[in-house]
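Scroll down for the structure; my scribbles are underneath it.
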Amino acid sequence: MASLVSTPLRLPTTKVSSISQKNYFLHSFVPKKSTRTQSLGVKCAVVGNGLFTQTTQEVRRIVPENKQGLPTVKIVYVVLEAQYQSSLSAAVRSLNQTTQFASYEIVGYLVEELRDENNYKSFCLDLEDANIFIGSLIFVEELALKVKAAVEKQRDRMDAVLVFPSMPEVMRLNKLGSFSMSQLGQSRSPFFQLFKNKKKSSAGFSDQMLKLVRTLPKVLKYLPSDKAQDARLYILSLQFWLGGSPDNLVNFVKMISGSYVPALKGMDIQYSDPVVFLDNGIWHPLAPCMYDDVKEYLNWYDTRRDTNEKLKSRNAPVVGLVLQRSHIVTGDDSHYVAVIMELEARGAKVIPIFAGGLDFSGPIEKYLTDPITKRPFVNSVVSLTGFALVGGPAKQDHPRAVEALMKLDVPYIVALPLVFQTTEEWLNSTLGLHPIQVALQVALPELDGGMEPIVFAGRDPRTGKSHALHKRVEQLCTRAIKWAELKRKTKAEKRVAITVFSFPPDKGNVGTAAYLNVSIQQSKSQHCLQDGSERVPAADPIRHSIGRKLGKAPGNLNSDGENLLVYGKQYGNVFIGVQPTFGYEGDPMRLLFSKSASPHHGFAAYYSYVEKIFKADAVLHFGTHGSLEFMPGKQVGMSDACFPDSLIGNIPNVYYYAANNPSEATIAKRRSYANTISYLTPPAENAGLYKGLKQLSELISSYQSLKDTGRGQQIVSSIISTAKQCNLDKDVDLPDEGAEISSKERDLVVGKVYSKIMEIESRLLPCGLHVIGEPPSAMEAVATLVNIAALDRPEDGISSLPSILAETLGREIEDVYRGSDKGILKDVELLKQITDASRGAVSAFVQRSTNSKGQVVDTSGKLSSILGFGLNEPWVQYLSETKFYRADREKLRVLFQFLSECLKLVVADNELGSLKQALEGKYVEPGPGGDPIRNPKVLPTGKNIHALDPQAIPTTAAMQSAMVVVDRLLERQKADNGGNYPETVALVLWGTDNIKTYGESLGQVLWMIGCRPVADSLGRVNRVEPVSLEELGRPRIDVVVNCSGVFRDLFINQMNLLDRAVKMVAELDEPLEQNYVRKHALEQAETLGVDVREAATRIFSNASGSYSSNVNLAVENSSWNDEKQLQDMYLSRKSFAFDSDTPGAGMSEKRKVFEMALSTAEATFQNLDSSEISLTDVSHYFDSDPTNLVGSLRKDGKKPNAYIADTTTANAQVRTLSETVRLDARTKLLNPKWYEGMLSSGYEGVREIEKRLTNTVGWSATSGQVDNWVYEEANTTFIKDEEMLKRLMNTNPNSFRKLVQTFLEANGRGYWDTTDDNIEKLRQLYSEVEDKIEGIDR
């Protein structure tokens, strides 16, 4: 538990500022000494109502004490944030002391409090005798609907209902005399049109409201009708409200009550006009006024007498601050004052700007840029609003925000004040920030290029006022100045620490990163650090936390027993260091029992060295990915007791991250404050065919030309024989060799084999490793473009190339895919022809678009000239010589116009340029991460990667794709399960997959249980509804959902959505044979003695701040005894449930429910969504696989069927896990094209080969779905081939040793049955390579 300590800070007084007369408090917190740090706890007890906030309306209730027989006017209000609380309370107290007309009662609710049923009942009761209702910024749909339902019942009875910018459903409640907005959205109402039209500026609503506020009252004043006067008073009300000060609100209440409360009618209640503040401007707590001119502000600033010499220096860094006007005008500004004072105390000048609306792009340009030179006045910008730059909590206009920030071209930080929680609630939460705040104030600003979501202000539960969190303000200001210094320092002055990774910990793995060739100068140099010495000032909370976990420093990791060791070497102003590992990879007991991966002393020493001793101006983390961002702490919105926050300290963090991994990049952004710069994965190629597979292809060609001659039967026998030699009999049902089969059956056998080798040949795989700053050549991009062209993009009016080609023959491409999957020979052959024609047409286009050096010329210009002169386009020329010569030219032209843009993006190079920008303290343009084939907007790389708005998924298109995959999965399982549907499917949700596919796997879970998402009027998905059994046409399938730790961090809203959906389905009154969710929940409720809702818990993950099951670490480090131990690890770390009934409790351990739910599973299921990452490329997939575990939990001991959905191509497939492992082995590990491509990268390439074999063993351990021949063929390829063996050993002996060890382990654990000679050779090799590494010459 942490306690709050507050320190008063009195600002210097001046004659000109009333603000400066106040006391401001900078709040800090320090953890009490205890045996356990709160933020590292795993079980989170349900506090109070189990929600994120325990505050209630009672702190905002004022009941007049002495009514003196006056009529009582009761006001009820609901607001998003609490800044109006103190102003409204002060206004009502003032009225009650001075007015002679009425007594005023007021009670206020924060919209988040209405989740609590008791609070909501109280709200409804308060409305029953309320005269006036006020609502503002109600943008959370489920709560907006609650407000609407309650207010609607009382609307006609109440005297006035005033709703300021909120969701349309709530805006329609407005009623002021004859003025109403009940028709909002049904006419061309300007209010609703601004919300409805996505293409309009999303901040336009508030800005146009401001224009109305300024101009309309003057016009309406002279119109005679009551309606015009009521409309005028509404606009005046908004003006008072936006003015926000107690005086403005006193006059607001007088005006409304005097005009509309019947008991006060006829009384002459005088009120003053609103005190108008600037809509946009510059504000400083010590300035005599708000400024509308930056030059005037700077003149005042430079003549201040209270500043120190540092601040007067021309070389002082300048930080721009973005503030919310409502906090300033309501007087809730102490947190802003604290940041301004802290920056100035540290020698930075400040330009604090504000806007009254939700669009800050104009003020940024107006006040932070020199109007003449167009150069920025500032070196960095910090937004203290937490909101997106344009649009706030409503709808955003990210392109407009990015445009403004690119012009400014300085680092852009978005810090957070707590909105939905009090300070203590946030401190005690393992989740950290409220999920709604994460969506609105973390995810959305990231789309603008915002970084470093540091919580700098808390909220007082009694007054509702914001207060600064002193340590957080210090860190925020220091980091903002550090980024500003990067802008100001010369290259010669800057010191950069390049951090590379070694994971799993092994010398052969130094400098590892996903698909990146990290060339580093290895060094034997070691820097010794004495813990506790003056040279390593360690952060106290961290040192104490590590000490409690691991004992006193220096410990036994990165240590020689006396000193802590930092591995690296300094080259002038550049230090290249190796990030220490987690520290428990080889410790079976910690792997089994540890819920989190707290760092060891050596890990902390590394970052202390970089910041305090080397004094880095920036750290560059090189490649995907390290351990820092996965250390324990709050998921988002960390405190200084969270390890990632304390370790990164005050160093600007630049992080190269693979473009295809936006989810983990987002974790790095949020938890280690990284400016993530995307790099490209290697260019994709088709896997091709080799050895026996190539021979099979030739035999099939022979069969097609000779099948009607007498040789047909003979060739089919050869095909069957060769297919068996290639182990294809595991994938295709083959007859015995020499068996007499009919012509039709022969065609079917050949068709199925042909389909399988086509699947292998056309599979995309990244060849080699990427080098930063070396984009692929145009011809290397052909395979990528072919796959981009293979997808329909209806939203852009683009048809896929295969569908255009199929249409020329009167076929639908989906029918061709289905026929090919069934092995219908003519469809397999047609699909092959379509594939070849697609490749040929795209190659012809690329050749025409490049010059003799292979460089891309201006493709769009060249295409225009081609089209302008009426010449044949290159793709048309190519297709004219094929059977597809009649392809629709207009569709082709639209497609190739799109491909020309994609080609330019693929070959563009900005990876080094963006790094340079970041290190020069410039703004790095943001861009989405994901699969460039699905979403070419991922390109060019070198962008500051962001994910997506978590409330936007699943999209309609993703839901359609999900339904197709679920239907195919259930068809396949029925076929494999005697015609029965599976009652339960255990499946995995990944963060990156859902970002790439916009929520397809999320949609799959919903469709299995028979639900669909419902979007609100702003397009956000926060609700689901059940689909009727009639429409579903099958039973509702029960699910056990294992969410990755990254999914949990990024999509906690969706976990909430899924949990609500499952529990809703469990409570439906339906036949049990048609609702397996309800069937199992009732059985489990009875067994466990709990209610149905708790028994229907199905959404699981790790404890907060913890990631993975550790099965992967155990396998990678060979630190496990048996499969039972791996299963215990999985259960121990993955049995934490999310409960939508008590979301504030975070993840709570519910192992018994987890085990019981898994014990009903008849199928396990995962998704593959992009060609770059498959089952054996990364360890995450087997780490989350429960196949063997389910078998051990089931009463009948039956192992479930295991399936993988492959949506990497337009032809989505559902395969068994064993089929997918075989496909992976054939296309990668055993494929000369793949391993030679890897070996061309040298040292790194050997590690990549070893990694694939280790991950294959992982699949044996968790599922038992790896065939013996996979290991045998791998041994033949890499060990029996003497030349290959020497290449591997000489290129990277450490990784080769691990490869040999993995072969021996596979045999020792019973996964690979081979000859004694093979094992003996491996043992000898292990001894040889050990000697080589140790330098022993025998």
Side-chain angles (χ1 to χ4, degrees), residues 141-142 145 953-954 958-960 962-963 965-967 969-970 973-974 980-989 994 999-1015 1021-1043 1047 1051-1088 1090-1101 1137-1143 1150 1153-1165:
E141 186 200 26
E142 57 191 302
L145 294 176
I953 63 170
M959 200 64 205
Q960 290 296 325
M963 290 160 70
V965 168
V966 168
D967 291 346
L969 168 69
L970 298 180
Q973 169 67 357
K974 272 181 78 179
N980 298 316
Y981 283 106
E983 292 200 3
T984 305
V985 175
L987 70 161
V988 184
L989 291 182
N994 278 284
E1000 278 184 21
S1001 50
L1002 192 63
Q1004 290 165 4
V1005 178
L1006 291 174
W1007 193 240
M1008 282 182 196
I1009 63 173
C1011 286
R1012 62 164 63 93
V1014 181
V1021 178
N1022 288 307
R1023 248 179 349 119
V1024 291
E1025 64 183 16
V1027 175
S1028 69
L1029 287 171
E1030 291 75 23
E1031 184 184 341
L1032 196 60
R1034 60 164 171 81
R1036 301 186 194 276
I1037 309 298
D1038 198 359
V1039 291
V1040 188
V1041 183
N1042 164 18
C1043 302
F1047 183 94
F1051 296 115
I1052 197 86
N1053 283 312
Q1054 274 61 32
M1055 289 178 74
N1056 187 24
L1057 196 73
L1058 289 176
D1059 188 63
R1060 277 162 42 206
V1062 173
K1063 286 172 176 169
M1064 176 178 68
V1065 166
E1067 291 178 323
L1068 291 175
D1069 185 10
E1070 293 176 339
L1072 299 187
E1073 67 276 7
Q1074 288 296 305
N1075 186 335
Y1076 298 138
V1077 182
R1078 181 167 176 77
K1079 175 185 174 184
H1080 297 151
L1082 288 171
E1083 291 169 357
Q1084 289 153 15
E1086 188 175 347
T1087 305
L1088 296 171
V1090 296
D1091 63 28
V1092 171
R1093 285 186 72 79
E1094 186 173 344
T1097 299
R1098 296 291 184 269
I1099 313 302
F1100 296 90
S1101 184
F1138 184 85
D1139 185 353
S1140 57
D1141 294 335
T1142 56
K1150 294 190 177 176
V1153 179
F1154 187 44
E1155 289 184 11
M1156 287 188 75
L1158 281 174
S1159 70
T1160 65
E1162 293 174 276
T1164 63
F1165 179 62

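- R1060 places a side-chain heavy atom less than 4.5 Å from the side chain of R1023.
- Under the ring pair (Phe, Tyr, Trp, His ring centres under 6.0 Å) criterion, F1165 pairs with no residue at all, not counting sequence neighbours.
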Can you give each donor-acceptor pair under 3.5 Å made by side-chain atoms of residues 1051-1058, sequence neighbours left out, with the distance rounded to 0.1 Å?
from  : atom 1 : to   : atom 2 : distance (Å)
N1053 : ND2    : P435 : O      : 3.3
Q1054 : NE2    : P950 : O      : 2.5
Q1054 : NE2    : I953 : O      : 3.3

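- N1042 places no side-chain N or O within 3.5 Å of a backbone atom of A986 that could act as its donor or acceptor partner.
- Rounded to the nearest 0.5 angstrom, R1034 CZ and L970 CG are separated by 5.0 Å.
- Residues passing the side chain to side chain donor-acceptor pair (under 3.5 Å) test with E1162: none are found, sequence neighbours excluded.
- To the nearest 0.5 Å, atom CD of residue E983 and atom CG of residue N1075 are 11.0 Å apart.
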Exercise for review: Test side chain to side chain contact (heavy atoms under 4.5 Å, CB included) on L1088 and E1094 and set out the steps.
Suggested key: CA-CA 10 Å; L1088 296 171; E1094 186 173 344; over 6 Å; no

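- Contact check for Y1076 versus I1037: side-chain heavy atoms found under the 4.5 Å cut-off.
- Between L1032 and W1007, the closest side-chain pair of non-hydrogen atoms falls below 4.5 Å.
- Residues passing the side-chain contact (heavy atoms from CB on, under 4.5 Å) test with E1025 are R1012, V1014, sequence neighbours excluded.
- Taking R1093 as the reference, K1063, E1067, D1091, S1140, D1141 meet the side-chain contact (heavy atoms from CB on, under 4.5 Å) condition, with sequence neighbours excluded.
- A 4.5 Å side-chain heavy-atom check between R1098 and I1009 finds every atom pair outside the cut-off.
- The shortest heavy-atom contact between M959 and P954 is SD-CG, 4.3 Å.
- Looking only at distances, no side-chain donor or acceptor of R1078 sits under 3.5 Å from a matching main-chain atom of P1071.
- With N994 contributing its side chain and L1002 its backbone, the two residues share a donor-acceptor pair below 3.5 Å.
- Nearest approach of L1006 to P1013, heavy atoms of both residues: CD1-CD, 4.1 Å.
- With sequence neighbours left out, A1066 forms a side-chain contact (heavy atoms from CB on, under 4.5 Å) with V1077, A1081, V1092, A1096.
- Across every non-hydrogen atom of A1157 and T1160, the tightest pair is O-OG1, 2.8 Å.
- To the nearest 0.5 Å, atoms CG (D1038) and CD (Q1084) are separated by 7.0 Å.
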Exercise for review: Report the C-alpha distance between E1083 and M1156 in whole Å, list the side-chain angles of each, state the deciding distance to 0.1 Å, and finish with yes or no for side chain to side chain contact (heavy atoms under 4.5 Å, CB included).
Suggested key: CA-CA 10 Å; E1083 291 169 357; M1156 287 188 75; over 6 Å; no

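- Going from atom OG1 of T1097 over to atom CD1 of I1099 covers 9.0 Å, rounded to the nearest 0.5 Å.
- Residue-environment remark: CD (E142) exceeds the threshold of 12 foreign heavy atoms within 6.0 Å.
- Listed here is the closest heavy atom pair of R1036 and V1027: NH2-O, 2.7 Å.
- Contact annotation: the side chain of Q973 never approaches that of Y981 to less than 4.5 Å [non-hydrogen atoms, C-beta and beyond].
- To the nearest 0.5 Å, atoms CZ (F1100) and CG (D1059) are separated by 9.0 Å.
- Closest of all the heavy-atom pairs between C1011 and V1065 is SG-CG2, 3.5 Å.
- Residues L969 and Q1004 fail the side-chain proximity criterion, which asks for heavy atoms closer than 4.5 Å.
- Here the side chains of M1008 and L987 are in contact, with some heavy-atom distance below 4.5 Å.
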